[in-house]
Amino acid sequence: MLTAAEAGPVHRDTLLDAAKLGHLSQNYSRHIVPLVTDGLLELTLPDKPRSRDQRYRTTELGRKFLMQERGEH
């Protein structure tokens, strides 16, 4: 799911589309929120988490995780 955010900040619907999930708040809570909580994704507007302009980007930890999953060094 993180690969959608690698190119730059993306909307939550883009992340859900990449994971082939519907745009339901339940899917957001189950799949995106844990990635933010674990530090793999970060909010572009951390002071406004519910903003319609909110976007998500991969953190350094998230990039390292992706590289490890792909077998890259």
Heavy-atom closest pair, residues [X] and [Y]:
{"X": "Ser25", "Y": "Arg12", "result": "CA-NH2, 4.3 Å"}
{"X": "Ser29", "Y": "Pro34", "result": "O-CD, 3.3 Å"}
{"X": "Arg55", "Y": "His11", "result": "NH1-CD2, 3.1 Å"}

Without swapping roles, check the side chain of Asn27 against the backbone of Leu21 for a donor-acceptor pair under 3.5 Å.
-> no
Check: Val10 main-chain N/O paired with Thr14 side-chain donor or acceptor under 3.5 Å = no
Atom pair [atom1]/[atom2] of [X] and [Y] - distance to nearest 0.5 Å:
{"X": "Leu40", "Y": "Leu66", "atom1": "CG", "atom2": "CG", "value": "8.0 Å"}
{"X": "His23", "Y": "Asp13", "atom1": "NE2", "atom2": "CG", "value": "4.0 Å"}
{"X": "Tyr56", "Y": "Leu43", "atom1": "OH", "atom2": "CG", "value": "5.5 Å"}

Give every residue pair that meets the salt bridge (charged side-chain N to carboxylate O under 4.0 Å, His left out) criterion with at least one member in residues 17-45, sequence neighbours excluded.
-> Glu42-Arg57
Do Met67 and Leu41 belong to the same hydrophobic cluster, where Ile, Leu, Val, Met, Phe, Trp and Tyr are linked whenever their side-chain heavy atoms lie under 4.5 Å apart, directly or via other members?
-> no
Name all residues meeting the side chain to side chain contact (heavy atoms under 4.5 Å, CB included) criterion together with Asp53; count only those two or more places apart in sequence or in a different chain, and write none if there are none.
-> Leu45, Ser51
Can you list the residues that meet the side chain to side chain contact (heavy atoms under 4.5 Å, CB included) rule with Gln68, with sequence neighbours excluded?
->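 With neighbours one apart ignored, the set is empty.
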For Glu72, all residues meeting side-chain hydrogen bond (donor to acceptor under 3.5 Å, both in side chains), sequence neighbours excluded =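 side-chain hydrogen bond (donor to acceptor under 3.5 Å, both in side chains) check on Glu72 returns nothing, list empty.
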Taking only residues two or more places apart in sequence, or in another chain, which ones meet Glu69 in a salt bridge (Lys or Arg N to Asp or Glu O under 4.0 Å)?
->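 Glu69 satisfies salt bridge (Lys or Arg N to Asp or Glu O under 4.0 Å) with no other residue.
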